[in-house]
Each structure stands twice: as structure tokens, then as C-alpha cells.
There are 2 protein chains.
Amino acid sequence: MSAPRITVALDAVIVAVSDRTPRVLTVIDGDPPAIPSGPLDPAGDATLELALRRYVREQAGLEVGYVEQLYTFGDLRRGSAVAPAARAISVAYLALVEQAQPAPGAAWANWYDILPWEDHRSGRPSVIEDALVPRLRQWCEADDHLSGERTARVGLNFGLEKTPWDGIRVLERYELLYEAGIVAEAHIDGGGPDPAPVPGTTMAADHRRIVATALGRLRGKLTYRPVVFELLPGTFTLSRLQRTVEALAGVPLHTQNFRRLVERAGLVEGTGTQTSTGGRPAELFRFREDVQLERPRPGLGIPYR
Amino acid sequence: MSAPRITVALDAVIVAVSDRTPRVLTVIDGDPPAIPSGPLDPAGDATLELALRRYVREQAGLEVGYVEQLYTFGDLRRGSAVAPAARAISVAYLALVEQAQPAPGAAWANWYDILPWEDHRSGRPSVIEDALVPRLRQWCEADDHLSGERTARVGLNFGLEKTPWDGIRVLERYELLYEAGIVAEAHIDGGGPDPAPVPGTTMAADHRRIVATALGRLRGKLTYRPVVFELLPGTFTLSRLQRTVEALAGVPLHTQNFRRLVERAGLVEGTGTQTSTGGRPAELFRFREDVQLERPRPGLGIPYR
DNA sequence: TGTATAATGCTCAGTATGAGTAAAAGAGAG
DNA sequence: CTCTCTTTTACTCATACTGAGCATTATACA
């Protein structure tokens, strides 16, 4: 018997922020929304990143700026019981854009429709206690031997008891929900029926996991690299900057302290011009490229608690 | 013409620390040392990580504990002018072990023999000013148009002028040296002659780049996850912990403050027992697993300056 | 002219960090 | 048995950073 072929796919989590909402680009050809994706052309694509850019251009009509490799997924899917014709490896990327009109067939999805438990800007979302925790507890108690370990993991990742909420653990939380069978795709993959629907848009294949990976990575990166600015126009008010950061981090920030942080860190510089915003007019700022030469790790020290 | 096959290889950067020296496991079948690596069996290996563990067991006789995916390399090598039979993708992993005797054919290499400019424990290593900077400057001036940008990148990454040294930028530094043609493999890949040898052990294929990726990632992770303890026995003195961290971070640390940090962060707990170390006997400590439940991101806030 | 709204400025206590001095507990030399 | 060397451990202190709050300014609109 000959070894099966291997196919390599590139997946792109393309992120933009508008209206205080972080968004992910989805293509809607099939039923469950999917992120732009396509096979690597082993002969034609010189680099993985170029292949990705090509796909995004073709499928979404977007030219992306900042691109970063996220993770490579290559496990045999539990669902594929029959030996597949080819082993599928997928390399996922994170891309950031200032929001633009995508091509027909592509649309911006609200990140927090996909992962509703991640938005803590107006306090801890009720979905955690209402929908998640009861089923997680059930899962913890379902196995006598693993019960303790499971309870600890749940507590740690969902900020139960004394543990503070850690915004960065997006992927760990998703994986816990998957393991516990609480997200719909766990049952699709497992082949079994879905006992009860749970909040959050299900996506094609493992795309929701990839989106979770991306959000976690982005939240982390925010604290030590000036990546937010990739999502903003050339000039912006400090409150727009703050709203963008809050949208990604999923937590509210103290306005005055945010301002202090951002100015003292030398991340931005005023342009002198002003813009009206419904209250006192705000000064327009721009990103100071030079921070990167002055500070080793310029970012926004966000308190993820 | 049919599309070429794709092969997926797993590469492992296996790290241990002993004698104040961070070490990387190398296999020495060919001439330039290589890291353990082998093709994914698309039918037999259920997950990429299991495939990796299998390889490490086979090639190095080691059972690794902590494993983390690093990066996926898939660019067409410049060197391979003739179309290869298969497109090579390689997924690199970082693994941490308490040092053990590797199988014959494998050996521990000193991390700083491979990347000599990264060790700043006894101050800025002279190799930077002696061997690197002159050639980097040459490279900056070699292109009129890119000169400014290149100078800025070099200054930023090698801590020239006012920029502080940033220990984490290991990969950026390697890539700069590669681009500038200062590391030997840049010429092997390019096919041209190597004008002048430069310090640092050359490795097979792109393995030195992978090692650089691993060091950077590990240095970063140190600050927000308790990964050091994967490299240590169950109990250890605080100074051994400090030496291990210093070995990885490549910078000296203030002993008293390190102690304060580590104790106040709740990362360790005393065991009561003592051990003699040449001076006053030291208490033995163990890692406090519970930190992970108390603090969202327990790590060692290392000043990389 | 007042009121709502957002932007900006400033204070203050608590905590963390960098740097240093000093004491304690052994080993080994003489 | 005492002195010295080495390492571990305990404190101190000035400075920087953080979280939280109060206060003021500049506009739009009723």
C-alpha cells in the first residue's frame, strides 16, 4: 500500500476592528462560515506567506499588510474514520487590516459572536455562568479519576473561585469546551449527536479553533508589540485607539491611565490637528515609528484581570 | 506535468541546561550537526506531536516532557535550483528536558557555540563589535537606497547607539545576519563562496535558524510561564534556578532581587531540607504548581537590557 | 445660558523594581 | 580553634510604575 499524499492548506484569520467590534473575515460559500483558505501550490508558491496573500486576494479581494504565522494543525481528525485520500496539514496565519470592503462572498463576522465568552468589556458575560459553567461542572464530575484535574483546569481558565480571568487563555478555554463536548463541532467531529446547542457561531472544520488561536495570540502580542496600529488609519484619537484595544483585549480600560501609558511610552505623537467627537474635540495622534528604536518591547501593558 | 509531492518533516530543538550552559541536542551522522528530524508518516502518525516524540525517541533515545510547536518553514530554498522531487515543509518544535544521556550518535551542543552573540552574561560579547558590526555596516552601506532602513534594523536588533539590547530578538538578529550574508549558510544556500568565516557553528540546512527561533521563543516564554522548571530536577536551590534562567536569558541577574521576585511571586516553596554548595548551605526549593491557579501569567520578569 | 458629553489634566496611595549594604552559615587553611 | 573565603539570606531605600479617583476644559445642543 502506498503512502497517502499530503496536502498543505493555508488558512487566514483576517482581523479588523470597527464600531468597537473586532471582526474576522469569513467566506460564506458553504453553510457554516469559514475563513479564507486554500491549498499550497507546491510548485508555484515560493513561500507560504505569498501563497496566503494570493488566497486572500482571490477569495476576499483584500490586500493584507501585517501577516504572522500562527500555528500548524496536522492531527488526524477524529471525524475522518475512513482513511482519507490525503493527509491534510494546515498552516494558519493571522493578518491585520484596516477595515475595507471585502469581495462578494466574503463578509466580516463579529469575533464575539464566534467566542461570546471572551468579551468582558461590560463585565463578565452572563453566558459563562448560564451556559458554560453548569456543563463544565457536569464534565468535571463525569470522570471520577480526572475530576480533580478537570476542576482545576476549568477554574484556572474560566476565572472561577480565586483565579483572575486571563484574557490571553483564549485557546485553552476553547480546547476545554471542545474536550468537554460543549461546542457543537466537538460532536460533529466525534460523529455523535449534539446534546444541547451552546452560544457561539460554529464554523467550518477546525476554523473556530484557529480563530481562538488568533485571538489569544493577538491579545498577547498587544502587550509587547505595537500591533494595534495596523488596524487603525494613519491618524486617530486616543479614545479610538483605546476602543480598538478594548475591543481586542475584551476588557475595559481606565481612560486616563491608558492615555498616560500610551503617551509616556512614546507610542504616539500628536499631530496638532483636532477632530470633533460629540464632546470636547480630541487631538489626532499618529503612531511614532521610532518607539521601536527606543524601547525594546513597545506595547500596551494591559491588565488582563 | 503533475504537481510535485509534498513532504512534511518534524524538527525538534531539544533543550537542557547543565553547568550554566544551555544545550541543544544534535545528531551527528553527517558533517554539519543537525537537530533530530524526520518525515511525518501521513498514515501512521495520528498527531504531529506524537510523530515528533517518536523521532526523538528513535534518534536520541530521549523521552521529552514539555513540547511546544515553534514554527513551520516551507519556503522554497534558494539553493535548490533544480525543481526538487518534493516540496519540503518542516514543522519545528521546542522540547525541554532535564538533561539525560542521549543515545550514541546524538550529543549536547552548547547553544552559545551556535549563536555566540547571544550570551551577555559577562557583558556584551566582543564578537559583536569585532566580527559582526563591521560586516553589518558594510552591508548597510552596500545599497544606497536601503541604507537607512538597514542601519535602523541593525541598530535596533544589535543594541547599537541608544537602543538597549533586547534578548528576545534572537531570530531577528539571525535573519539580519543571514540577509547580510554574514552566516556561512547564507552562502551555501545562495551557492556563492563564503567570503569570510564568522563565529558560530554552522548547522545542517536551516537548523540554525530553527535554533534561533527556539531560543527567542524560550526567552520570551520565561517571562510569563513557569517553563524553567521543566529543565530542573524536582528540588533545587535558588541559585541553581537563577543560573538556569541566566543561561537561557543570556543576561546576569541581581541575586537578591531574583530571590525576592521568585519568592514573592509564589513560584517556589521551600522544602526545609538544605544542601551544601561551597558557601552557606542553601535551602532546597520546589516548584509550586499552584501558582498557575493563583496568578494568570506566572513567570520571571527578566529585564532584557 | 444651562446641560450633556467627551477629552484632558492632576493627585495620591500602594506596589514593584534596581541597586546596594550587611549579616549568617558553612568549608577549609593555617 | 580562629580566620578567611564563599555563598546564601535578610534588609533598606530611592525611584518608577499602577490603579483609582477627582477636577477641569472644550465643544454641541436644548
Side-chain angles (χ1 to χ4, degrees), chain A residues 19-20 120 123 164-165 167 222-224 235-246 249 251-285 294-305, chain B residues 20 120 123 164-165 167 222-224 235-246 249 251-285 291 294-305:
Chain A
D19 284 332
R20 305 171 181 240
H120 290 229
W165 175 263
L222 232 41
T223 66
Y224 64 94
T235 64
F236 43 81
T237 65
L238 290 188
S239 65
R240 173 152 185 202
L241 175 61
Q242 183 182 346
R243 287 196 308 271
T244 306
V245 173
E246 286 174 332
V251 292
L253 299 173
H254 181 117
T255 308
Q256 298 94 313
N257 290 346
F258 178 79
R259 181 179 202 84
R260 175 177 66 187
L261 177 71
V262 120
E263 287 193 297
R264 225 198 12 192
L267 280 167
V268 297
E269 58 190 355
T271 62
T273 46
Q274 299 210 325
T275 189
S276 89
T277 53
R280 171 174 173 171
E283 185 172 3
L284 285 170
F285 288 79
E294 296 161 8
R295 315 203 145 220
R297 328 170 76 198
L300 305 157
I302 291 153
Y304 277 114
R305 282 162 269 169
Chain B
R20 304 172 183 239
H120 290 229
W165 175 263
L222 231 41
T223 66
Y224 64 93
T235 64
F236 43 81
T237 64
L238 289 188
S239 65
R240 173 150 184 204
L241 175 61
Q242 182 181 349
R243 286 196 308 271
T244 307
V245 172
E246 286 175 329
V251 291
L253 299 172
H254 181 118
T255 308
Q256 299 94 313
N257 290 346
F258 178 79
R259 181 181 201 85
R260 174 178 67 186
L261 177 71
V262 120
E263 286 194 300
R264 222 201 14 195
L267 280 166
V268 297
E269 58 191 357
T271 62
T273 45
Q274 300 212 325
T275 188
S276 89
T277 52
R280 172 174 171 170
E283 185 173 5
L284 284 170
F285 288 80
V291 226
E294 296 161 7
R295 315 204 146 219
R297 328 170 75 197
L300 305 157
I302 291 152
Y304 277 114
R305 283 162 266 167

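Just so it is clear: chains get the letters A, B, ... in the order the sequence lines come, proteins before strands, and each one is counted from 1. All figures in this text were calculated on a predicted structure; none of them were measured in a lab.
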Exercise. Taking N and O atoms by type only, does the side chain of Arg280(A) place a donor or acceptor under 3.5 Å from a partner on the base of dT25(D)?
Worked result: yes
Problem set entry | Which residue lies more 5' along DNA chain C, comparing Thr277(A) with His254(A) via nearest heavy atoms | Thr277(A)
Problem set entry | Nearest-Å distance for atom pair CG/P, residues Leu241(A) and dA6(C) | 17 Å
Problem set entry | Proximity to the side chain of Leu261(A) - top-ranked nucleotide from dT8(C), dT17(C), dT18(D) | dT18(D)
Problem set entry | Spacing between Phe258(B) atom CZ and dT8(D) atom P, to the nearest angstrom | 12 Å
For this session: Nearest whole angstrom, please: distance from the P of dC10(C) to the CZ of Arg264(A).
Result: 15 Å
Problem set entry | Test item: Thr273(A) side-chain N/O and Leu284(A) main-chain N/O as donor-acceptor pair under 3.5 Å | no
Exercise. Are the side chains of Phe236(A) and Val268(A) in touch, meaning some heavy atoms are under 4.5 Å apart?
Worked result: yes
For this session: May I ask you to say what Arg259(A) touches in the nucleic acid, namely base, sugar-phosphate or nothing, with a heavy-atom cut-off under 4.0 Å?
Result: sugar-phosphate
Exercise. Do you know the tightest heavy-atom contact between Leu253(B) and Gln242(B)?
Worked result: O-NE2, 3.0 Å
For this session: Find the distance Leu238(A):CG to dT25(D):P and express it as a whole number of Å.
Result: 20 Å
For this session: Examine dT18(D): is either OP1 or OP2 under 4.0 Å from a nitrogen or oxygen in the side chain of Arg260(A)? Give yes or no.
Result: no
For this session: For Ser276(B), report the nucleic acid contact type (base, sugar-phosphate, nothing); a contact means any heavy atom under 4.0 Å.
Result: nothing
For this session: Write down the distance between CD (Gln242(A)) and C1' (dT8(C)), rounded to a whole number of angstrom.
Result: 12 Å
Exercise. So what does Gln256(B) touch, heavy atoms closer than 4.0 Å: a base, only the sugar-phosphate, or nothing?
Worked result: base
Exercise. Counting only side-chain N and O atoms of Ser239(B), is one of them less than 4.0 Å from OP1 or OP2 of dT7(D)?
Worked result: no
Exercise. Below 4.5 Å, heavy atoms only, C-beta onward: do Val245(B) and Phe258(B) meet side chain to side chain?
Worked result: yes
For this session: Report the distance from atom CG of Leu253(B) to atom P of dG20(C), rounded to the nearest whole Å.
Result: 15 Å
Seminar exercise, completed: Rounded to whole Å, CD of Gln274(A) lies from P of dA26(D) at a distance of 10 Å
For this session: Write down the atom of Leu222(B), the atom of Ala249(B), and the distance for their closest heavy-atom approach.
Result: CD2-N, 4.4 Å
Exercise. If you check the Pro281(B) side chain, which of dG18(C), dG26(C), dA7(C) turns out closest?
Worked result: dG26(C)
Seminar exercise, completed: Whichever of Asn257(A) and Gly279(A) has the more 5' nearest nucleotide on DNA chain C, that residue is Gly279(A)
Problem set entry | Interatomic distance, Glu263(B) CD vs dT8(D) C1' [rounded to whole Å] | 11 Å
